[in-house]
Trainee: 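Got a structure here, written out as structure tokens. Questions coming.
When reading the values below, keep in mind they use all heavy atoms of this one structure, side chains included, and skip hydrogens, waters and symmetry mates. Residue numbering restarts at 1 for every chain, and letters A, B, ... go by the order of the sequence lines.
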Protein chains: 2
Amino acid sequence: MVASLRLPFVAHLFSSPSTATITGVSRRSPTILRRFPHGLFFRPRLFAAGFSAQSMASETQDRVDNLKNRVPTEVITPRSQDFNAWYLDVIANAELADYGPVRGTMVIRPYGYAIWESIQEYLNVKFKETGHSNMYFLQFIPYSFIEKEASHVEGFSLELAMVTIGGGKELEEKLVVRPTSETIVNHMFTQWIHSYRDLPLMVNQWANVTRWETRTKPFVRTLEFLWQEGHTAHATLEEAENEARQMIDIYIRFAYELAAIPVIAGRKCKVETFAGACKTYTIEAMMGDRKALQAGTSHNLGQNYSRAFGTLFTDENGQRQHVWQTSWAISTRFVGGIIMTHGDDIGLMLPPKLAPTQVVIVPIGKKDDEKVAVLTAASSVKAVLQTAGIKVKLDDSDQRTPGWKFNFWEMKGVPLRIEIGPRDVSSGSVVISRRDVPGKQGKVFGISMEPSVLEAYVKDRLDEIQSSLLERALAFRDSNIVDVSSYEELKVAISEGKWARGPWSASDEDEIKVKEETGATIRCFPFEQPEGVKICLMNGNPAEEVAIFAKSY
Amino acid sequence: MVASLRLPFVAHLFSSPSTATITGVSRRSPTILRRFPHGLFFRPRLFAAGFSAQSMASETQDRVDNLKNRVPTEVITPRSQDFNAWYLDVIANAELADYGPVRGTMVIRPYGYAIWESIQEYLNVKFKETGHSNMYFLQFIPYSFIEKEASHVEGFSLELAMVTIGGGKELEEKLVVRPTSETIVNHMFTQWIHSYRDLPLMVNQWANVTRWETRTKPFVRTLEFLWQEGHTAHATLEEAENEARQMIDIYIRFAYELAAIPVIAGRKCKVETFAGACKTYTIEAMMGDRKALQAGTSHNLGQNYSRAFGTLFTDENGQRQHVWQTSWAISTRFVGGIIMTHGDDIGLMLPPKLAPTQVVIVPIGKKDDEKVAVLTAASSVKAVLQTAGIKVKLDDSDQRTPGWKFNFWEMKGVPLRIEIGPRDVSSGSVVISRRDVPGKQGKVFGISMEPSVLEAYVKDRLDEIQSSLLERALAFRDSNIVDVSSYEELKVAISEGKWARGPWSASDEDEIKVKEETGATIRCFPFEQPEGVKICLMNGNPAEEVAIFAKSY
């Protein structure tokens, strides 16, 4: 039964093209079908996959309900077997997100959204500390705005969703649902910026954006996603450059310290630079399948937009000048990055600093008289940890066995589990298990319930797990980056699924050739450069920098 | 010069219909024109007002810059003279919001957004305390969803913005940009709810929504606005009813305790009930012009949506049943309510608990040697207050006189001002002025700089201002509600601009007649009902409740 419920097709629904089409699926179709109905309402060709309708129609409501009594990890495809299937299984089973009824969209469920809220909480403080204010721009952009900046329109024209009807009437000018806000920001900046005294102007918004992507994947690339987009205007190029660097530095610190993701930060090559930017800085993360994920970017926009929109200021000498600008963003894509960096065959593994639940307490006790004592102890342990500022959950439901709960919360990636049984109550101690060290090795018995001891122990372990996740990811990353000095070596590295790092001073055409022949692109010219003479791996000319090549999401 | 810059037309741009049209306004038009360019790009007929293009073309950049050196309050129309003009002037001058380039849209500027953030902060905690989780639904709704619930489509069909083009191609099914999310929520709930064990399901999202309104006004009614929308599903009607009441209670407490707005809460009449709800609860606020503002609503949706979408659960007896639902929302409209409740001729007046800046410190000192001492004292006062958790700003800019700063921060509605001059430094004391008590009366000299004394004094004053704003608004409200026992009395009350409260058991037709003849509608049947026998003011029959009639926004 479990196998028939595994629904292998689920893994392919979101990103794999397919020619199968489902039609005429009624609202009364079995729940199991309704669970993944994207494509049914909209552009079905792209997402409906090749599965048998009969086999699903035979599933009954009861069997679906039974799904809840299985050990949850059994439904997750092993990571080594099919990384993409594993990723989608984790998202579904850990209840991070679900598919929306419009092709390529997702709904972020509470557990996934709570991770996003942790990200927001950290970044919001950093943005404000560095002098930025939150605000909100409108999301509808007159189409003519998009056309004003040449490379901007080129970069986004194929990804636009357009509102053409409002209040029942055809609109005179089509409105673009924002794919990013540089154009509208500049339009507004022209009204707020008059003199050098109005600069720097530094704002940020948390918003939804829409890009009509054809190949989508939950969190990583969806038609609509959430992000923060910072926008600043400065009196000089130098200030704008410092700002762009400052913000990528904030992203780097966030990735290392909070998300435990050892990103490689650097400058994008020309081909990969943001449409309308002079320079794009990026943080690139290595996922568990060794593909690169662009996890955040910061752009020095120069005067490209201010020239297109006439964003001028009067300088201290009374001269009118175009402002220098930046923009920078991190999106819900980062949640995908966390899943794909730390997750394992059991499921999600969350860095303690971003985990919505850092500690789960599972009470163990069958007899009624035992239960009361165990639950009392569990509640007081919960209170102790909560008071200490730890995000703790007591799973005291009667509907599941302790074993089921162990598996469930491991699958959800909760960093620490506290088990309390009747014997623990007698001895005034608890059992603590680490998510990142599976089995007996990660299990420690006899930790005192004494508040100060327990609190200190739990905090130490959470810190340890945080560091351990980063170290592990760092080791994985570094063992999968190969230094190459020739195109041949690069090809070997990429074909082995690794990242290739080598000196590069060749042309855009050569870069495109690499992409065509290997599937890899320049992820960045890293800020951290090796010393010594560098010879371009492609053309043998002197090179100033090494570049990192990888396949990417 | 000030007069010519007063721009009386600004007040009319947003909401008044006009037949004038501006065309051919180039990007190089004077800033003063560019400041309010809505309508220029889109549907100009609705918003471009009857003003002389020549008079504006004669404004130069310098004169605009000079605007910044005027005493800022001079640009605000007296409230008594023209409430709407006053409202728009406050929004523009206090930099709360600006017009977007699409008709009827606005951009929420940092100062206005910070008020919204205060609202979010309070409500988010309350929502989570009462068991709700944040999440995010997609914003594009297949048009067929909207049609599923009959009264829903009727209520919203004229207000929809529709995406018809995606990625350069005509879409097979039009997508509605969410005007509210009940339909998409139900679509998703059908996938998450299986049995009674999945209930109650209680979620909330902070999101943007779009309603193609024809008559707009910043914050109060805009094409796009921000809100939170809670959505819950329950096993019984009683639970849903309790939830709907619980959430309106949270809104009431928020309005009284944080916003110092003495809302009247009650049940909406049938005519004003939300499209698709069984019962709508509302909080109604009396604005400074005595019009009512619907400031928050909570709906008991019954099984209307669950029947339309087939949102079913298996109850404890194994029976399939439709879930009972609620939804509830507060939007950025509330910011408009704060402005229109507390503002005066000077400008904005913010309740301390929602004020982005609670205390502004203005240093006074002309000579260079004085300045250093004054600034040192001001900085240490700032540090003291900041440590005490007070939101404090030190305005130490050299570009403005203290007098200008006094006026500016009063106009921005900052509750308390601390002045520190050379003599204050010598005496180790400061001068403190209350925003809510203008002139000398609100000014107290010689408050000790000693940290504990100063902190206690400031906190007490902030509490006092918070209470005083509520008391004042309450007195204003109560002196403007008239108890009526006949339609004649109702007409008199409404014609005097007041609210009328009287027993009502008449028909929907009678209610529509009242609206047509007086402009007033039933705002609610208040929860607080007078005791005793009630006779309907309209038809003389027995009535169970009094209703409140008022003109509204």
Side-chain angles (χ1 to χ4, degrees), chain A residues 27-28 31 34-35 41-43 61 64-65 98 100-102 105-110 113-114 117 133-140 142 144-145 157-168 172-175 177 184 187-188 190-191 194-195 197 203 207-208 212 214 224 226 310 314 399, chain B residues 27-28 31 34-35 41-43 61 64-65 98 100-102 105-110 113-114 117 133-140 142 144-145 157-168 172-175 177 184 187-188 190-191 194-195 197 203 207-208 212 214 224 226 310 314 399:
Chain A
R27 296 286 317 138
R28 305 250 158 231
T31 305
R34 282 192 277 120
R35 275 189 72 84
F41 300 94
F42 193 66
R43 299 206 161 192
Q61 183 58 42
V64 173
D65 283 350
D98 208 339
V102 175
T105 62
M106 70 169 171
V107 171
I108 307 178
R109 302 186 68 178
Y113 197 84
E117 283 181 313
S133 303
N134 283 336
M135 60 172 298
Y136 187 74
F137 293 91
L138 63 160
Q139 83 159 338
F140 293 141
S144 56
F145 282 28
S157 63
L158 291 175
E159 294 182 3
L160 301 178
M162 305 241 234
V163 173
T164 62
I165 297 171
E172 288 174 23
E173 180 173 11
K174 289 191 284 278
L175 297 176
V177 185
I184 207 93
H187 175 80
M188 300 311 298
T190 60
Q191 296 162 58
H194 308 293
S195 84
R197 288 186 297 259
V203 297
N208 56 340
W212 213 262
T214 47
E224 183 191 5
L226 303 181
T314 306
Q399 296 171 27
Chain B
R27 295 286 317 141
R28 305 248 161 233
T31 305
R34 282 191 277 120
R35 276 190 72 84
F41 299 95
F42 193 66
R43 299 208 160 189
Q61 183 58 43
V64 173
D65 283 351
D98 209 339
V102 175
T105 62
M106 70 168 172
V107 171
I108 307 178
R109 301 185 69 179
Y113 197 83
E117 283 180 314
S133 303
N134 283 336
M135 61 171 299
Y136 187 74
F137 294 91
L138 63 160
Q139 82 158 339
F140 293 141
S144 56
F145 281 28
S157 63
L158 291 174
E159 294 182 5
L160 302 177
M162 306 242 234
V163 173
T164 62
I165 298 171
E172 288 174 24
E173 179 174 11
K174 289 191 284 280
L175 297 177
V177 185
I184 206 93
H187 175 79
M188 300 312 299
T190 59
Q191 296 161 60
H194 308 293
S195 84
R197 287 186 297 262
V203 297
N208 56 340
W212 212 262
T214 47
E224 183 192 5
L226 304 180
T314 305
Q399 295 171 28

Trainee: Heavy-atom distances under 4.5 Å only: say whether B:L160 touches chain A with side chain, backbone, both or neither.
Mentor: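 For B:L160, the backbone is the part near chain A, not the side chain.
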Trainee: Is there a side-chain contact between B:P110 and A:V203 in this structure, where contact means two heavy atoms from C-beta onward sitting under 4.5 Å apart?
Mentor: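 A side-chain contact exists here, since the closest heavy-atom pair is under 4.5 Å.
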Trainee: Below 4.5 Å, heavy atoms only, C-beta onward: do A:Y136 and B:E224 meet side chain to side chain?
Mentor: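 Yes; the side chains approach each other to less than 4.5 Å.
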Trainee: Which heavy atom of B:G100 sits nearest a heavy atom of A:L138, and at what distance?
Mentor: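 For B:G100 and A:L138, the tightest heavy-atom pair comes out as CA-CD2, 4.0 Å.
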Trainee: Any chance you could measure B:F140, atom CZ, to A:T105, atom OG1, to the nearest 0.5 Å?
Mentor: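 B:F140 CZ to A:T105 OG1: 9.5 Å, rounded to 0.5 Å.
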Trainee: Does the pair A:Q139 and B:N208 meet the rule for a side chain to side chain contact (heavy atoms under 4.5 Å, CB included), with working shown?
Mentor: CA-CA 9 Å; A:Q139 83 159 338; B:N208 56 340; 3.4 Å; yes
Trainee: Check whether any side-chain heavy atom of B:I165 lies under 4.5 Å from a side-chain heavy atom of A:K174, and answer yes or no.
Mentor: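 Side chain of B:I165 against side chain of A:K174, heavy atoms only: contact under 4.5 Å found.
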Trainee: Let me know if B:E117 has heavy atoms under 4.5 Å from chain A in its side chain, its backbone, both or neither.
Mentor: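 Side chain only.
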Trainee: Return the set of residues passing side chain to side chain donor-acceptor pair (under 3.5 Å) with B:S133 (not counting sequence neighbours), or none when no residue passes.
Mentor: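 B:S133 satisfies side chain to side chain donor-acceptor pair (under 3.5 Å) with no residue once adjacent residues are dropped.
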Trainee: Can you name the residues that form a side chain to side chain donor-acceptor pair (under 3.5 Å) with A:Y113, not counting sequence neighbours?
Mentor: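 If we apply the side chain to side chain donor-acceptor pair (under 3.5 Å) test to A:Y113, skipping adjacent residues, there are no hits.
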Trainee: Between A:M188, A:E159, A:M135, who has the most heavy-atom pairs with chain B when the cutoff is under 4.5 Å?
Mentor: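 Ranked by heavy-atom pairs under 4.5 Å with chain B, first place is A:M135.
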Trainee: Is there side-chain contact between A:T164 and B:M162, with heavy atoms separated by less than 4.5 Å?
Mentor: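 No. Closest side-chain heavy atoms not under 4.5 Å.
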